[in-house]
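To start, the structure under review is shown below, and the notes come after it.
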Amino acid sequence: MSDIKEEIFEKSPHFVQNCIISIFNILAYKKRYSVNYKKFLDYYKSTNNFSKLELKKNQEEKFKDFLQYAYKNSPFYNRLFKSIENFDDILNIKNLPILEKETLRTNLEDVYTVNRDKAVISKTGGTTGKSLEVLYTVKDIEERFAILDNFRGNFGYKLGKKTAWFSGKNLINKKDLSKNRFWKTDYIHNVRYYSTFHIHTDFLKYYIENLIRYQPEFMVGFPSTMYEIAKYGLNNGIDFPEGIIKAIFPTAETITDDIRNTIEKYYKTRLFNQYASSEGAPFILECYNNKLHLELQSGVFEVLDEDDKPTQKGRLIVTSFNTHGTPLIRYDIGDQIELSPEGEKCNCGNNNPLVKQILGRESDFIYSEQMGKINLGNISNCLKGVHGIIRFQIHQEIVKEITVLIEKDIKIYSNKDENKFIRNIRDRVGTIINININYVNEIPVEKSGKFRIVKNSLKL
């Protein structure tokens with residue numbers, strides 16, 4: 001939403017806010033579920049039991065088509081591929097350069113293949129502290145939602161079934177807080193959006209009480225939020241009725257054994273993990289046997305070591321077939337995975353290769369006495385609507401204070417951007433905690449080469 005629309009929403013009554021959310025979703029769903037969506041959904045249903053050979057052949061064909069498209073429509077890739085022989089042959093993928101996030105960010109205008117007015121815009125916060133404005137074609141969006149709905153449909157989900165959603169939408173105002181109301185509802189599509197900005201012990205019982213009253217069939221969103229609610233319920237002996245939740249689909253964060261076990265124990269259901277990204281990574285999806293599968297229909301996955309050689313456990317390099325608006329080809333997504341041993345199979349019927357674990361980035365948080373734990377997904381979203389911040393990092397050593405390091409692009413960054421960024425942080429951490437802003441020339445990476453957006457030394 002723009003600042004003006006946010007102001008109108010903020011001042012509207014609760015009932016009107018629910019209506020605004022419903023209208024917003026109707027407009028968004030027109031793009032997500034348009035003419036090609038059903039074709040994509042039927043197609044992905046038909047590939048559920050493809051043989052490994054069929055999957056590989058399908059991947060090779062999609063790779064060729066996708067790289068030819070990028071070469072013809074993206075000035076960046078046209079220059080990049082001109083001198084590379086047979087660049088569109090998947091067997092030669094190692095001859096293509098690896099695309100770093102900063103290279104993508106600084107060349108976006110040349111990478112794009114569509115105009116903004118014809119694109120679906122995704123402004124990523126970025127858990128590595130760098131923002132990107134990714135453009136999708138409408139068909140990209142339809143295909144990505146078809147892949148997700150095919151995955152979730154395996155466990156009974158479809159649009160319109162009652163769902164509790166925990167995402168980075170800041171929808172709660174002061175009147176809501178005074179009434180201990182931490183949710184807004186799209187009654188047309190049966191989705192209740194729960195705030196992930198108010199995960200404080202003083203409020204968690206209201207989340208649980210409302211979830212039990214609302215009785216959603218599915219839960220979707222930040223696992224760290226669902227985890228904190230579950231921990232509170234277990235620690236305070238608040239029983240969650242069995243049989244309400246059919247499945248839980250986490251997004252955006254790494255799933256640890258503790259997070260999975262706690263969530264499944266409390267909500268008395270099963271969690272099925274997925275991996276993708278707002279900038280358009282191909283999908284890794286979990287089956288009923290709790291095995292993670294690389295979905296070859298959605299892209300190419302390479303796992304490389306520090307010398308860019310194939311390895312079982314290392315950094316993930318992706319080529320994503322449904323990013324035509326902003327093609328991602330050999331893109332260093334900033335995450336790490338570990339592949340299962342060669343030849344290991346799953347009897348679920350999905351013959352895509354297996355992943356032992358998604359290592360991801362470190363799931364860290366900021367703690368505010370006023371707001372509770374603020375998860376990595378919400379922190380990364382502080383960049384939304386802000387221009388000129390190359391990356392940022394938040395340090396917290398004491399409860400009452402955080403320090404924010406910022407690398408800025410002096411040609412773009414303005415006082416307006418600074419005010420918006422600080423306001424975004426305040427929305428998440430509250431009004432009490434002290435915020436120190438330090439501008440630096442460079443924020444160093446860890447010894448591992450990874451960048452951490454949060455460095456928290458609190459013992460909580």
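Predicted, not measured: the structure shown is a model, and the values here were computed from it.
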Look at the rings of [X] and [Y] and say which category their plane angle falls in: under 30° parallel, 30 to 60° tilted, over 60° perpendicular.
X    : Y    : answer
F249 : F155 : tilted
F87  : Y71  : tilted
F63  : F321 : perpendicular
Y33  : Y37  : perpendicular

* **Distance flag, aromatic centroids of H293 and F283, threshold under 6.0 Å** => no
Going by an N to O cut-off under 4.0 Å, is there a salt bridge joining [X] and [Y]?
X    : Y    : answer
E133 : R116 : yes
K162 : E217 : no
E142 : K30  : no
D239 : K268 : yes
K38  : D42  : yes
E61  : K64  : no

* Find the distance between CZ (R330) and CG (D308) and round it off to the nearest 0.5 Å. =>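 Here the rounded value is 7.0 Å.
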Determine yes or no for a side-chain-to-main-chain donor-acceptor pair under 3.5 angstrom, with [X] supplying the side chain and [Y] the backbone.
X    : Y    : answer
Q274 : L148 : no
N289 : K291 : no
Y69  : T113 : no

* Asked: Is there a donor in the side chain of T137 and an acceptor in the side chain of D140, or the other way round, less than 3.5 Å apart?
  -> yes
* To do: Indicate whether the side chain of Q297 and that of Y43 have a donor and an acceptor atom separated by less than 3.5 Å.
  => no
Give a yes/no verdict on a cation-pi contact between [X] and [Y], requiring under 6.0 Å between NZ or CZ and the six-membered ring centre and an angle within 45° of the axis.
X    : Y    : result
K373 : Y367 : no
R192 : Y214 : yes
K101 : Y331 : no

Measure the shortest side-chain to side-chain distance between [X] and [Y] over non-hydrogen atoms and say whether it is less than 4.5 angstrom.
X    : Y    : result
Y157 : T163 : yes
F392 : L405 : no
V355 : L294 : yes

* **Identified side chain to side chain donor-acceptor pair (under 3.5 Å) partner of Y194 from the options T225, N210, T185** => N210
* Asked: Which is it for E286 and R260 under the salt bridge (charged side-chain N to carboxylate O under 4.0 Å, His left out) test, yes or no, and what are the steps along the way?
  -> CA-CA 13 Å; E286 186 171 353; R260 180 187 291 273; 3.0 Å; yes
* To do: Let me see the working for Y207 and F182 under ring-ring contact (aromatic ring centres under 6.0 Å, His included), right down to the final yes or no.
  => CA-CA 7 Å; Y207 282 80; F182 302 96; 5.3 Å; yes
* To do: Could you check K57 against E60 for salt bridge (charged side-chain N to carboxylate O under 4.0 Å, His left out), going step by step and ending with a plain yes or no?
  => CA-CA 5 Å; K57 184 179 179 182; E60 290 171 11; over 6 Å; no
